[in-house]
Amino acid sequence: MWSDTVTVRLSDYEKNLRACPLFYDVTEELQKEPVDTVNLLKDSLQNPGWMHGDTKPSPAEQSRTIRNICDYVVSPALHGYVLWVLRRALEKGISRLYFLARDGYFMYRTADCLCRQLSLPVECRYLYCSRYSLRIPLFHLYPDEALEYICRGGIDVTLRKVLNRTGIAESEQNRVLDTLRCSEFGESLLDCAAGQARTQQLNQEAGEQDFADIVIPYAMLARLRGDLKQDSFFMECLTQHSAAAFPALSGYFRQEGLLDELPMAVVDSGWVGSMQKVMNQLLKTFGKQRELLTGFYWGLYELPDGVDANDYECYYFSPEKNLREKVYFSNCLFEGIFSAPHGMTLRYQERAGRYEPVLAEQDDTNVRFMEMIRARTGDWTDILVRHMVQDVDLSANDSEPRADGRMPKAPIGTMADSMGERAVIRNQLFLFMGQPTPPEAYVFGSLPFSDDVLEYGGQMAAPMSEEELCANHAGPKILSMLGIRHQPLKESAWYEASAVMGGRRVKRHLRRYAGYKYLLYMNKTRNYRRQRKAAGYR
C-alpha cells in the first residue's frame, strides 16, 4: 500500500523538478548512486511516530521516503536559497555573511563550499547564537521589549515555559509563581484548568495539576505580562541576570568580527526578523558606528517595529506578499529539517582567553538525522558544483569571448535568478508540507521538536484526536485566540501531518486548516501594512 504511495509521490516530484533542468540533472545523478536504504533509516531515525490503526510504512518505504525528500525537496530548496543569497550579496557588495545557528547550519556549509569551489569574494561565517542567548543580555536595557518576548504565544505555553525564558534561577521562579498563584490572574488560570478538567471528564482534580504547568490560553498572556511588570522582585531578578550575561556576549561578538566596519549581513530562516534587530541593538550598545547588519531570509511573516524594510530581503515569502506560499508551508517542519547536529546556544563563557558558546545537550535522534541530512545535501552540493563549472563561466561579467573562443555564459547571479527554481521549490513544498503522504507524515512527523525558546521534548506531528483536529479549524481556533472559547487548544507543530496520521476525514481537515491559515495570514498582512503606514513607511 505505502509502496504505491511513495512511487506516485516520487513521480509528482520528478515532474515538478523537470522545470528546473539544472536541479533535475543533479538530483537524477545522485539518485543513481547506490545507497544502503536500511542503514540510512537505522542511522537517522530510531523513534518511529504513531499512525492511526497501527498501519505503518515498512523500513524500506521509510528509507525511500527520506531519500526522496532529501533529493527532490530539501536539497533544491536549500541550494536555491543559498544561490539567491550569494547573488544578492555580490550585487550589494556584501563581503561577509553570518549564518545564524541553528537554522543556518546547512545553509552555511553549502554557501561556504560554493564560495570556495567557485572562488566567490564572499566570506561565510557560522555564528553560535539563539533567541535565548542574545535576548537575555538585553533584557535590562529594554525591559518592555523583554516582557513582550517573555510572554509571547506558542504551542502549550505554561508559566514554567514563560519563566524559563527569563534566565532567572529556579528558586526565584518559585517565588514568582507563589505570587502569581494568589493573584487574580492565578485564580483565573486555575478556574480555566478546572473547566477543562470537567469538559474532558478527567479523573483528577484540577488542583492536582502543577500550577506552573497549566496551559495558558492565548488571550490571558497580555494579562500575565502586566502582572509581571508590576512584580518588583521579578523585575529586579530579570535585570540582575541580564546584566551578568552582558560582558561575555560582548566578548564573543568582538571576537567573531561583528564590530568590524565592513558590509555584512545575517542569513537565517526568518519568520519575524527579530534576531537582526536584536543584534543591531547589541552592536550599537557595544560601540559600532557604521555598517550595521542587513539580512537575507527564507521568509518573513512580519517585521519588528521600527526597522527599515529595505534591510530585510526575503526569498520565498515576505510580509506583504506570497499568501499561498505561507498557507502551504510549515515553518516548524522547516526548522526541524534545516537544523544543526548540535544543541542550542545557552550563553557564552571565556576560556583560555577566548569566548565560546555553551550549548545545550542535543537529542541523539536529532543528531543522527541531521548528520544524514548533512551527508546527503553535501553530495548534492558536490554534483551541483561540477555541473555549474561545466556549464557556466562564473567569473564572466561581459560578452567578450574567452581564450578558448567560447562565449561566456551568465554569472552565478543571473543564472540563479533566471532558472525558475523558486516556482519549482514552491510546488515541491506545496506537496510535502501542505499535503504529505502517510509515509512522509510518519517519518518526518516523528522528529523531536519544540517551538519554545528552550526545548521541552515533543514531536513534530502531535497525536491528535478527531475533536482536537476539529478544534484547529478556522471557527473554533479564532474563538480560542480571541478568548471567547476558554478551553486550552491542543496544537501540532505540523498539523497537516497530524491530520494525515489521524486517518479520518483527512481532506476535510486539510481544507479547513488551510482556510484558517488563509484568514490568519491575510489578517497579518493587513495589520503589517497598517502598522507600517502609521509609522510613516510606504
Side-chain angles (χ1 to χ4, degrees), residues 52 152-157 192 195-196 199-200 215-222 270-272 299-302 316-336 426 429-438 440-441 444-445 449 451-452 458-531:
H52 179 72
R152 61 191 288 270
I155 298 175
D156 296 337
V157 176
C192 180
Q196 180 190 15
T199 300
Q200 298 180 354
V215 175
I216 306 171
Y218 179 82
M220 292 183 65
L221 289 171
W271 317 150
V272 296
L300 290 170
Y301 297 105
E302 56 189 273
Y316 191 63
F317 58 81
S318 66
E320 291 193 272
K321 299 184 294 183
N322 313 111
L323 177 61
R324 184 170 171 82
E325 282 81 352
K326 296 172 188 173
V327 170
Y328 295 97
F329 180 78
S330 170
N331 57 296
C332 295
L333 179 59
F334 188 95
E335 291 179 16
R426 180 187 63 222
L429 294 179
F430 279 6
L431 291 175
F432 174 49
M433 292 185 169
Q435 300 175 357
T437 65
E440 291 169 353
F444 290 89
F449 182 79
D451 83 322
D452 208 82
Q459 187 170 303
M460 183 67 66
M464 299 177 74
S465 66
E466 188 72 12
E467 181 181 0
E468 291 166 338
L469 289 167
C470 290
N472 280 270
H473 295 173
K477 189 153 188 174
I478 290 172
L479 292 176
S480 293
M481 296 177 71
L482 293 174
I484 299 172
R485 188 175 185 269
H486 298 293
Q487 292 86 356
L489 186 70
K490 180 172 183 178
E491 298 182 274
S492 173
W494 187 18
Y495 174 93
E496 291 85 353
S498 293
V500 169
M501 293 168 71
R504 295 175 55 195
R505 300 191 290 179
V506 173
K507 291 183 179 179
R508 176 176 179 268
H509 290 311
L510 294 181
R511 285 196 306 269
R512 296 292 180 87
Y513 191 67
Y516 157 72
K517 292 174 79 174
Y518 267 114
L519 292 174
L520 172 67
Y521 294 125
M522 284 191 293
N523 187 58
K524 277 184 175 291
T525 299
R526 283 195 298 266
N527 289 339
Y528 171 79
R529 290 173 177 167
R530 188 181 301 118
Q531 291 168 0

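What you see is a predicted model; the values in this text were computed from it and never measured.
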**OP:** Begin from the C-alpha positions of His509 and Arg504 and carry the test side-chain contact (heavy atoms from CB on, under 4.5 Å) through to its verdict.
**Re:** CA-CA 9 Å; His509 290 311; Arg504 295 175 55 195; 5.7 Å; no
Taking the side chain as every heavy atom from C-beta outward, state whether [X] and [Y] have any atom pair closer than 4.5 Å.
X: Glu496; Y: Tyr328; result: no
X: Lys524; Y: Pro319; result: no
X: Val327; Y: Arg324; result: no
X: Phe444; Y: Pro436; result: no
X: Leu300; Y: Ser318; result: no
X: Ser492; Y: Gln459; result: no
X: Glu491; Y: Ser498; result: no
X: Met501; Y: Met464; result: no

Where [X] and [Y] come nearest, the two heavy atoms and their spacing:
X: Met220; Y: Ile216; answer: CB-CG2, 3.9 Å
X: Met433; Y: Ser330; answer: SD-N, 3.3 Å
X: Tyr516; Y: Ala474; answer: CB-CA, 3.6 Å
X: Tyr513; Y: Asn472; answer: CD1-O, 3.5 Å
X: Ala493; Y: Phe449; answer: CB-CD2, 3.5 Å
X: Cys470; Y: Arg508; answer: SG-NH1, 3.9 Å

**OP:** Nearest 0.5 Å please: distance from the CZ atom of Arg512 over to the CG atom of Leu469.
**Re:** 12.5 Å
Original post:
Atom CZ in Arg511, atom CZ in Arg505: separation rounded to 0.5 Å?
Top reply: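 So the gap between those two atoms works out to 10.5 Å.
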Original post:
Looking only at atom types and distance, does a side-chain atom of Arg529 sit under 3.5 Å from a main-chain N or O of Glu320, one as donor and one as acceptor?
Top reply: yes
Original post:
Are any side-chain N or O atoms of Tyr316 and backbone N or O atoms of Lys326, one a donor and one an acceptor, separated by less than 3.5 Å?
Top reply: no
Original post:
In terms of the angle between their ring planes, are Phe317 and Phe329 parallel, tilted or perpendicular, with boundaries placed at 30° and 60°?
Top reply: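 Taking Phe329 first and then Phe317, their aromatic rings stand perpendicular (interplane angle over 60°).
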**OP:** For Tyr521, enumerate each residue passing the ring-ring contact (aromatic ring centres under 6.0 Å, His included) test, keeping only those at least two apart in sequence or located in another chain.
**Re:**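 Testing Tyr521 for ring-ring contact (aromatic ring centres under 6.0 Å, His included), a comparison that skips the adjacent residues, returns Tyr301.
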